[in-house]
Amino acid sequence: MEMIIKGKSWKFGDNIDTDVIIPARYLNLTEPSELVKYLFEPLRENFASMVKTGDLLIAGENFGCGSSREHAPIAIKASGISCVIAKSFARIFYRNSFNIGLPLIICPDIVEEIEEGDEIEVDLKRGEIFNQTKEKEYSFPPFEKLMMNLIEHNGLIPYLLSGKFSI
Amino acid sequence: MGCTITEKILGKHVSKGEVKSGKHILASVDFMVANDITAPITIDILEDIPNAKIKGLDRIALVPDHFTPNKDIKSAENVKKLRKFARDYGIKYFFETGRAGVEHCLLPEKGLVLPGDLVIGADSHTCTYGALGCVSTGVGSTDLAGALLSGKIWIKVPETIKLEYTGKLKKWTYGKDLILMTLKDLGDKVSIYRSLEFTGETISDLNMSQRFTMCNMAVEAGAKNGIISPDEITEEYIKDRAKRPYNFYYSDSDAEFVETRRYDVSELEPQVALPFSPSNVKNISDLGEIKIDQVFIGSCTNGWYEDLKIAAEVIKGKKVADHVRLIVIPPTPEIYLKALRNGILEVFAKAEAVIGPPTCGPCLGGHLGVLGAGERAISTSNRNFVGRMGHYKSEVYLANPAVAAASAVVGRIAHPKEVN
């Protein structure tokens, strides 16, 4: 996993639930390439076709609330989104994302100030975010050891199979 | 400083290290569950690993309940994948359609999830089982694959919010109204990553089905788990069902709670959650006239036998309003049969309701009662997000079974006393 992420920001609001990230009627699909077609369909149709690899999602409070469907972070990751920055995350979405190697960052300050389309750069190891468009820096608390290990191994299963898993 | 029931149970599931809120632990798992939409991803992960050694095959239930009886070809293929995996690996608890039911009603009924357990499930409403006095929480498909490989799960030990209820509930109010009122009070943020412990004399008076309803919706507050201390009502429910030995745990008198909230519920009236959040709750008397097109009575939240009985009592001898569809789904074969034997299904059929097979059905807008644009439903289920039951321009209101039944008769959201 790259520790430096660069891309354009896509902004969403508070309480974005997994039913709007990927509606339940598409949960008969399991392939990332299929799921991604319906990502955010209720809010922005064809969202994934606008995303470039590396882009970032920005959201408000409680992002990913609702069901445990891993299809939600799978579809986000498959779209090319490299990381989600929000004011807070729902807990199952939080673990699901790290478990598949999609880093999530809690940084309320940047969420308040960013505008959609701003170009940003994130240093996952240092806990720094730079809004290149607005020329403003932000920091976030370093990831806990377990979460960093999950990011570095690109998810739980590779980490478990590496034989190095520890809490 | 003492421990909460959640800390104590987690403590029994770690081999080393301190179990203190905020810390990550690696805990052994007593039971796991996955369904026809979450298990296929777990199975794909496991089958991609050469010579994967899978553990705990007698500690997992695979329950095809979301899109079953299979709604389309893709769903049928997913259930085939579960069936084949169960057969290939000798999984004991695969529930075929006809024997399957809504997982969170089925597992307690079968005595597979027990007091004192640590249960994980690839479904957010796995928190339902906390009503039995176990720690039970929803996880993802990868988590489940990890637990099947290692027998363990990583968990952050949660802080606990203690919720204490006093007063006797009035007629037509139930555990559903307590949890809706609590969701309104807590909002969407306070409980994230935390445990909700439901306590007090009002909770002690609730039967198991109402306790399940409350713990079921703990996730709607963002909580990791909801839990109720076991007592003689728990014992009575579990003693003839349990497939394994079980243990009762309780919070210490000096346990540390991050917050305690007290509610006098003696004057509580039926509660209704308005679109588009389960915490967007009002008293039924403050609603005004809200016409409806569809009513759903069922789900892991409020499809229990006692719920069907309450709804049948309200609707007995009456007809569903002309412009309304009433869908009733007993969530398990056992509940279906009991409702059939006791004349409850006949009451619904005579009222011109449609009675569905055990499945999650309309709750998640997958099949059997999907809403069209502009349609409005009242449901005994747990979520009313945008598009939850169908079109993005449809609306879902959440309420208890008596309110749902009364609304079906009147054709708008109605207090049960209007029809009784």
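Chain A is the first sequence line, chain B the second, and so forth, proteins listed ahead of strands; every chain is numbered from 1.
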How far apart are the C-alpha atoms of A:Arg91 and B:Thr137, what are their side-chain angles, what is the distance that settles it, and do they pass the side-chain hydrogen bond (donor to acceptor under 3.5 Å, both in side chains) test? CA-CA 10 Å; A:Arg91 60 159 284 277; B:Thr137 191; 3.0 Å; yes
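- Annotation: maximal heavy-atom pairing with chain A below 4.5 Å, among B:Lys156, B:Lys23, B:His391, occurs at B:Lys156.
- Taking chain A as the reference chain and counting heavy-atom pairs below 4.5 Å, the highest number among B:Asp123, B:Val386, B:Val219, B:Val139 is found for B:Val139.
- Applying the side chain to side chain contact (heavy atoms under 4.5 Å, CB included) test between A:Glu70 and each of B:Asp143, B:Thr142, B:Thr38 identifies B:Thr142 as the sole match.
- Ranked by non-hydrogen atom pairs under 4.5 Å with chain A, the options B:Ser141, B:Gly366, B:Gly222 are led by B:Ser141.
- Residue A:Glu41 touches chain B through both its backbone and its side chain, counting heavy-atom pairs closer than 4.5 Å.
- Within the 4.5 angstrom heavy-atom criterion, atoms from both the backbone and the side chain of B:Leu364 approach chain A.
- Looking at A:Ser88, the atoms closer than 4.5 Å to chain B (heavy atoms on both sides) all sit in the side chain, from C-beta outward.
- Contact annotation for residues 71-78 of chain B against chain A (heavy-atom separation below 4.5 Å, listed by residue number): B:Lys71, B:Asp72, B:Lys74, B:Ser75, B:Asn78.
- Looking at every heavy atom in both residues, B:Ile155 comes nearest to A:Arg95 through CA-NH1, 4.3 Å.
- A:Ser67 OG to B:Arg388 CZ: the interatomic distance, rounded to the nearest 0.5 Å, is 7.0 Å.
- Counting all heavy atoms, side chain and backbone alike, A:Thr30 lies closest to B:Pro40 at CG2-CB, 3.8 Å.
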Checking side-chain contact (heavy atoms from CB on, under 4.5 Å) for the pair A:Ile157/B:Leu149: CA distance, chi angles, key distance, verdict? CA-CA 9 Å; A:Ile157 300 301; B:Leu149 289 169; 4.1 Å; yes
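- Between chain A and the residues B:Ile49, B:Asp188, B:Thr126, B:Val370, the most heavy-atom pairs under 4.5 angstrom are made by B:Asp188.
- Listed here is the closest heavy atom pair of A:Leu160 and B:Ser150: CD2-CB, 4.4 Å.
- Residue-level contacts of residues 8-26 of chain A with chain B, in order of numbering, are A:Asn15, A:Asp17, A:Asp19, A:Val20, A:Pro23, A:Ala24, A:Arg25; threshold 4.5 Å between heavy atoms.
- With a 4.5 Å cut-off on non-hydrogen atoms, B:Lys189 touches chain A through its side chain but not through its backbone.
- Of the atoms belonging to A:Tyr159, not a single heavy atom falls under 4.5 Å from chain B.
- Of the listed residues (B:Gly146, B:Gly390, B:Pro278), the greatest number of heavy-atom pairs within a distance under 4.5 Å of chain A belongs to B:Gly146.
- Heavy-atom distances place both the backbone and the side chain of B:Tyr193 under 4.5 Å from chain A.
- Surrounding CZ of A:Arg126 are at most 12 heavy atoms belonging to other residues, nucleotides or ligands under 6.0 Å away.
- Only the side chain of A:Leu161 comes within less than 4.5 Å of a heavy atom of chain B; its backbone N, CA, C and O stay farther away.
- You'll find the side chain of A:Lys145 stays beyond 4.5 Å of the side chain of B:His24, heavy atoms only.
- When heavy atoms are compared at a cutoff of 4.5 Å, B:Leu26 approaches chain A by way of both its backbone and its side chain.
- Between chain B and the options A:Asn96, A:Leu156, A:Asn99, heavy-atom pairs under 4.5 Å are most frequent for A:Asn99.
- Heavy atoms of other residues, nucleotides or ligands lying less than 6.0 angstrom from NZ of B:Lys81 number more than 12.
- Side-chain contact between A:Glu61 and B:Ile192 is absent, with no heavy-atom pair separated by less than 4.5 Å.
- For B:Ala52, no part lies under 4.5 angstrom from a heavy atom of chain A.
- Environment of NZ in B:Lys80: sparse, with no more than 12 heavy atoms of neighbouring residues, nucleotides or ligands closer than 6.0 Å.
- The environment of B:Lys152 atom NZ is sparse: at most 12 non-hydrogen atoms of other residues, nucleotides or ligands sit within 6.0 angstrom.
- Atom CD of A:Glu135 has 12 or fewer heavy atoms from other residues, nucleotides or ligands within 6.0 Å.
- Most heavy-atom pairs under 4.5 Å with chain B, from the set A:Ile100, A:Ile74, A:Leu146: that is A:Leu146.
- When heavy atoms are compared at a cutoff of 4.5 Å, B:Ile37 approaches chain A by way of both its backbone and its side chain.
- No part of A:Phe93 comes within reach of chain B, as not one of its non-hydrogen atoms sits under 4.5 angstrom from that chain.
- From A:Ser68, atom OG reaches atom CD1 of B:Ile120 across 11.0 Å, with rounding to the nearest 0.5 Å.
- A:Glu2 CD: 12 or fewer foreign heavy atoms inside a 6.0 Å radius.
- Scanning all heavy atoms of the two residues, the minimum distance from B:Ser124 to A:Gly66 falls at CB-O, 3.7 Å.
- The part of B:Asp44 that comes within reach of chain A is its side chain, from C-beta onward, which places non-hydrogen atoms under 4.5 angstrom from that chain.
- Contact between B:Ile25 and A:Ile167 at its shortest, heavy atoms only, is O-CD1, 4.0 Å.
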